[in-house]
Amino acid sequence: MACVFCKIAAGEIPAKVVASDDSVIAFHDIAPRAPVHVLVVPRKHIASVADAEDADRDVLGRLMLMARRVAQDLGIAERGYRLIVNVREHGGQEVPHLHVHVLGGKPLGPMLARPS
Ligand code: AMP
Ligand code: ZN
């Protein structure tokens with residue numbers, strides 16, 4: 001198994017785990033881009049949203065519910081936060097295992113840099 005997030009889900013490499021259940025695990029990003037930066041990851045290897053199937057409907061819902069729980073538990077829900085899911089090359093996805101970024105703890109600015 002070469003996939004880094006599969007290894008984290010299996011406990012084979014360490015991560016600062018925030019929460020987990022039988023289908024999803026949440027852990028702090030190793031290079032945080034905001035005061036709170038957590039990744040929510042399915043235990044099942046799904047390369048990206050573009051690779052998900054109809055049968056993954058349950059786990060896709062669980063990712064969102066876990067993101068909500070993490071935001072609540074880490075104290076950023078009331079003021080708000082951002083969820084980002086990068087998909088494949090143009091989306092800037094670096095790790096080819098589906099994940100939801102939970103970012104917050106400060107105003108995050110515009111969603112994307114404005115064209116100059
Ligand atoms: P993306 O560009 O959407 O694929 O995001 C991948 C994220 O995974 C980046 O924010 C990385 O900092 C993060 N990352 C990569 N390796 C690890 C790791 N071993 N533990 C925690 N976060 C990681
Ligand atoms: Zn994987």
Side-chain angles (χ1 to χ4, degrees):
M1 185 206 307
C3 172
V4 62
F5 288 174
C6 282
K7 286 182 175 168
I8 288 174
E12 291 173 9
I13 62 174
K16 290 198 276 180
V17 176
V18 176
S20 75
D21 62 22
D22 56 352
S23 58
V24 173
I25 183 168
F27 52 89
H28 289 281
D29 195 289
I30 204 168
R33 251 66 70 83
V36 172
H37 188 173
V38 169
L39 303 175
V40 184
V41 173
R43 291 185 180 278
K44 175 186 175 186
H45 183 86
I46 302 168
S48 76
V49 167
D51 299 285
E53 300 171 351
D54 288 354
D56 296 318
R57 162 194 312 249
D58 181 68
V59 74
L60 295 176
R62 286 170 181 268
L63 287 174
M64 285 293 150
L65 293 173
M66 180 63 88
R68 181 188 69 172
R69 174 181 158 193
V70 165
Q72 185 74 39
D73 290 353
L74 297 185
I76 60 171
E78 189 175 336
R79 300 200 72 182
Y81 53 95
R82 183 171 295 158
L83 304 180
I84 296 177
V85 181
N86 296 320
V87 180
R88 293 183 173 169
E89 182 188 355
H90 282 192
Q93 184 179 4
E94 292 176 358
V95 176
H97 180 133
L98 171 60
H99 50 283
V100 178
H101 295 258
V102 182
L103 296 147
K106 69 173 186 182
L108 295 171
M111 183 173 64
L112 288 171
R114 296 182 193 284
S116 48

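What you are looking at is a predicted structure, and each value in this text was computed from that prediction instead of being measured. Remember, it's 1-based here, ligands and their atoms both numbered in the order they're listed.
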* Look up atom CD1 in I46 and atom CZ in F5, then write down how far apart they are to the nearest 0.5 Å. => 14.0 Å
* hydrophobic_cluster_shared for V24 and V70, side chain cutoff 4.5 Å -> yes
* With distance as the sole criterion, is a donor-acceptor pair present between the side chains of H101 and H37 under 3.5 Å? -> yes
* Is atom CZ of R79 surrounded by more than 12 heavy atoms (other residues, nucleotides or ligands) closer than 6.0 Å? -> no
* What distance separates L60 CG from R62 CZ, expressed to the nearest 0.5 Å? -> 11.5 Å
Tabulated below should be the N or O atoms of ligand 1 paired with protein N or O atoms at under 3.5 Å; can you produce that?
unit_1	atom_1	unit_2	atom_2	d
ligand 1	2 (O)	G92	O	3.1
ligand 1	2 (O)	E94	N	3.2
ligand 1	3 (O)	N86	ND2	2.9
ligand 1	3 (O)	H99	NE2	2.8
ligand 1	3 (O)	H101	NE2	2.8
ligand 1	4 (O)	E94	N	2.7
ligand 1	4 (O)	V95	N	2.9
ligand 1	4 (O)	H99	NE2	3.0
ligand 1	5 (O)	H99	NE2	3.1
ligand 1	5 (O)	H101	NE2	3.3
ligand 1	10 (O)	D29	OD1	3.3
ligand 1	10 (O)	D29	OD2	2.5
ligand 1	10 (O)	R33	NH2	2.8
ligand 1	12 (O)	D29	OD1	2.5
ligand 1	22 (N)	I30	N	3.1

* Asked: Looking at R68, M66, H99, which hits side-chain contact (heavy atoms from CB on, under 4.5 Å) with V40?
  -> M66
* Structure fact -> Report for the Zn ion (ligand 2), protein N, O or S closer than 2.8 Å, by chain and number, lists C3 SG, C6 SG, H45 ND1, H97 ND1
Review item, side-chain donor-acceptor pairs of residues 49-56, under 3.5 Å, at least two apart:
unit_1	atom_1	unit_2	atom_2	d
D51	OD1	R88	NH2	2.8
D51	OD2	S48	N	3.4
D51	OD2	S48	OG	2.7
D51	OD2	R88	NH2	3.4
D56	OD1	K44	NZ	2.5
D56	OD2	E53	N	2.8

* Structure fact -> In this structure, CD1 of I13 is separated from NZ of K7 (nearest 0.5 Å) by 6.5 Å
* Structure fact -> Residue pairs passing the ring-ring contact (aromatic ring centres under 6.0 Å, His included) test with at least one member in residues 39-83, sequence neighbours excluded, are H45-H97
